[in-house]
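The next block holds one structure in the form of structure tokens; read it before the comments.
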Protein chains: 2
Amino acid sequence: MPNGNTLHEVLTAVFQVRNVNEDPEVDNPELCVLLWQRALQPERGAWSLPGGLLREDEDMTTSARRQLAEKVDVRGVAHLEQLSVFSEPNRVPGVRLIASTFLGLVPLDADPDLPTDTAWHPVSALPRTAFDHGVVLTHARTRLAAKLSYTNIAFALAPHEFTMSTLREIYCAALGYQVDATNLQRVLGRRGVLVATGATAPPGPSGGRPPALYRFAESRLRVTDEFAALRPPG
Amino acid sequence: MPNGNTLHEVLTAVFQVRNVNEDPEVDNPELCVLLWQRALQPERGAWSLPGGLLREDEDMTTSARRQLAEKVDVRGVAHLEQLSVFSEPNRVPGVRLIASTFLGLVPLDADPDLPTDTAWHPVSALPRTAFDHGVVLTHARTRLAAKLSYTNIAFALAPHEFTMSTLREIYCAALGYQVDATNLQRVLGRRGVLVATGATAPPGPSGGRPPALYRFAESRLRVTDEFAALRPPG
DNA sequence: ACAAAAGTGTTCGTGCTACACCCATGG
DNA sequence: CCATGGGTGTAGCACGAACACTTTTGT
């Protein structure tokens with residue numbers, strides 16, 4: 001059985017930390033993912049990851065960017081990386097469709113317009129998802145959490161400049177547990193991923209010391225904690 | 001431009017730590033990779049990673065196993081995992097060929113028969129490789145080195161039972177630098193990946209204390225050192 | 001003065017490295 | 001009894017977690 005009708009699609013799990021409260025004054029940031037609702041069978045009504053078929057003249061990263069452009073302003077996507085491939089012959093009924101999946105990250109301060117069939121969903125309250133997209137999503141979240149620990153990947157979730165409180169909220173939302181701002185600052189500071197701008201932001205309405213503003217030293221992915229054990233001698 | 005002639009291949013970088021000395025008495029273990037030499041154009045004479053086209057009725061892991069069976073005894077492959085996809089439209093001239101790549105590991109004590117066009121090559125002295133296979137190989141080595149640090153992946157490179165000296169040689173060969181047997185034992189022991197069998201091996205020809213024999217507690221990949229930093233509180 | 005929020009200092013535990021020292025065997 | 005290789009004990013370091021304390025603002 002040679003391969004005649006095998007199609008290749010690209011699917012991207014795009015994450016953003018967003019305020020999930022009706023009242024925009026109340027601060028309740030959560031990790032959200034971009035999904036669109038299927039209008040046609042199969043899986044009508046279920047929510048899908050953005051993506052589509054790979055074209056002959058593009059590689060997968062290019063394709064992911066092109067597909068995303070239909071849903072969000074792609075300039076907002078600050079990081080895009082490959083995850084696994086899903087190739088079970090029957091993952092989508094009726095056709096042989098291989099999915100290469102990606103992880104995409106959008107900074108906190110971006111708020112791109114969306115088509116009417118597309119919306120952000122908090123990962124804590126996902127709707128019914130189509131095909132194996134739920135598995136893809138779990139995979140993407142796991143990868144994001146892992147990389148937050150040993151890389152500077154948070155640059156793609158944070159605004160260009162930010163306070164440590166804001167960065168803490170981003171980490172808490174993405175990891176799903178409480179992170180201490182003190183230690184966060186020290187860990188990232190020691191690794192050289194965070195630099196102070198020198199400026200400060202105005203304090204909140206109820207007073208308090210004005211927070212210092214920070215920036216990520218680089219806006220490309222870099223591994224900052226390579227060897228946990230079995231380091232090279234020296 | 002829809003996708004008409006897009007083909008999908010699976011390529012596997014199979015590694016084994018092997019004694020690379022003419023004299024089998026002298027111990028000089030090195031990390032080796034399985035390659036076959038192309039008899040036809042294009043890239044005639046260059047060495048390729050084992051693999052081939054994906055069939056419609058199989059997923060990629062199945063395909064990788066099937067393709068490898070043509071080159072080695074697949075029972076020898078103790079671990080197989082997905083790496084990245086290479087999808088540049090012109091990575092192979094003339095055809096649109098997407099490559100999904102895998103990492104395969106063969107234990108030290110296996111010595112499978114090989115076809116005449118196929119051979120093990122030490123990674124320190126690679127021949128001319130075909131297409132982008134050199135890049136794939138570098139990628140695979142990096143992934144292997146990383147996983148040796150935070151998982152029990154060495155189970156797939158080690159014999160079923162082994163001495164700490166042997167295990168040390170495996171780590172040295174795979175990582176490319178000297179690893180201390182003392183610390184190796186403690187790190188892996190603490191994590192519970194290594195268990196003592198109770199038995200000992202006979203000492204070498206020049207005497208010495210008989211070494212204890214060990215075994216890996218599991219023969220499936222397990223992450224043993226999840227969070228280097230930003231652990232959940234508790 | 002007091003509350004609130006940010007930032008610093010200090011202590012503690014843990015995991016890894018390095019190296020010295022003890023153990024068991026063959027010659 | 002000595003050389004050889006295996007195993008253990010221990011000191012030191014680096015990193016991160018937790019928490020008390022100081023600093024800077026608004027009211």
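Throughout, protein chains are lettered first and strands after them, A, B, ... in sequence-line order, and every chain is numbered starting at 1. Just so we're clear, the structure is a prediction, and the values are computed from it rather than from any experiment.
Rounded to an integer number of Å, the gap from A/Gln185 CD to D/dT23 P is 17 Å. D/dG6 atom P lies 13 Å from atom CG of B/Leu167, rounded to whole Å. To the nearest angstrom, P of D/dC15 lies 15 Å from CD of A/Glu226. As rounded to whole Å, 12 Å separates atom C1' of D/dA17 from atom OH of A/Tyr177. We find that CZ of B/Arg168 is positioned 14 Å from C1' of D/dG7, with the value rounded to whole Å. In this structure, A/Asp225 places its CG atom 6 Å from P of D/dG16, rounding to the nearest Å. Between the OH atom of A/Tyr171 and the P atom of D/dG16 there is a distance of 12 Å, rounded to whole Å. We find that CG of A/Asp180 is positioned 13 Å from P of C/dG7, with the value rounded to whole Å.
Distance from the side chain of A/Arg209 is smallest to D/dT24 among D/dG7, D/dA18, D/dT24. Looking at the side chain of A/Asn183, the nearest of the listed nucleotides D/dA18, C/dT17, C/dT25 is D/dA18. Distances from the side chain of B/Met164 to the nucleotides C/dG9, D/dG7, C/dA24 place D/dG7 closest. Nearest nucleotide to the side chain of A/Pro203, out of D/dG16, D/dT25, C/dC16: D/dT25. Side-chain atoms of B/Tyr214 lie closest to D/dG7 of the nucleotides C/dT8, D/dT25, D/dG7. Checking C/dG7, D/dA17, D/dG7 against every side-chain atom of B/Pro211, the shortest atom distance belongs to D/dG7.
Residue B/Arg186 is classed as a base contact, given a heavy-atom separation below 4.0 Å to a base. Among the protein residues, B/Ala228 comes within range of the sugar-phosphate backbone only, with heavy atoms under 4.0 Å from sugar or phosphate atoms but none that close to a base. A/Pro202 comes within contact range of no nucleotide atom at all, as no heavy-atom separation falls under 4.0 Å. A/Ala181 comes within 4.0 angstrom of no nucleic acid atom, judged by non-hydrogen atoms across all strands.
Checking B/Glu226 against B/Tyr150 by side-chain atom types alone, no donor-acceptor pair falls below 3.5 Å. Between the side chains of B/Gln82 and B/Ser100, no donor-acceptor pair is found at a separation under 3.5 Å. Inspection of the A/Thr101 and A/His139 side chains reveals no N or O donor paired with an N or O acceptor under 3.5 Å.
When the side-chain nitrogen and oxygen atoms of B/Ser165 are compared with OP1 and OP2 of D/dG6, one or more of them lie within a distance under 4.0 Å. Between A/Arg191 and D/dG16, a side-chain N or O to OP1/OP2 separation shorter than 4.0 Å is present. Close to C/dA5, at under 4.0 Å from its OP1 or OP2, lies a side-chain N or O of A/Ser206. Neither OP1 nor OP2 of C/dT17 sits under 4.0 Å from any side-chain N or O of B/Arg190.
Classified by interplanar angle (parallel below 30°, tilted 30° to 60°, perpendicular above 60°), the ring pair A/Phe216/A/Phe162 is tilted.
A heavy-atom distance below 4.5 Å is not found between the side chains of A/Thr197 and A/Tyr214.
The nearest heavy atom of DNA chain D to B/Leu213 and to B/Arg231 marks one nucleotide each, and the one closer to the 5' end goes with B/Leu213. Nearer the 5' end of DNA chain D, as judged by each residue's closest nucleotide, is the contact made by B/Gly208, out of B/Gly208 and A/Leu184.
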Q: Kindly indicate, with the supporting measurements, whether the criterion salt bridge (charged side-chain N to carboxylate O under 4.0 Å, His left out) is fulfilled by A/Asp59 and B/Arg91.
A: CA-CA 10 Å; A/Asp59 65 22; B/Arg91 57 173 288 275; over 6 Å; no
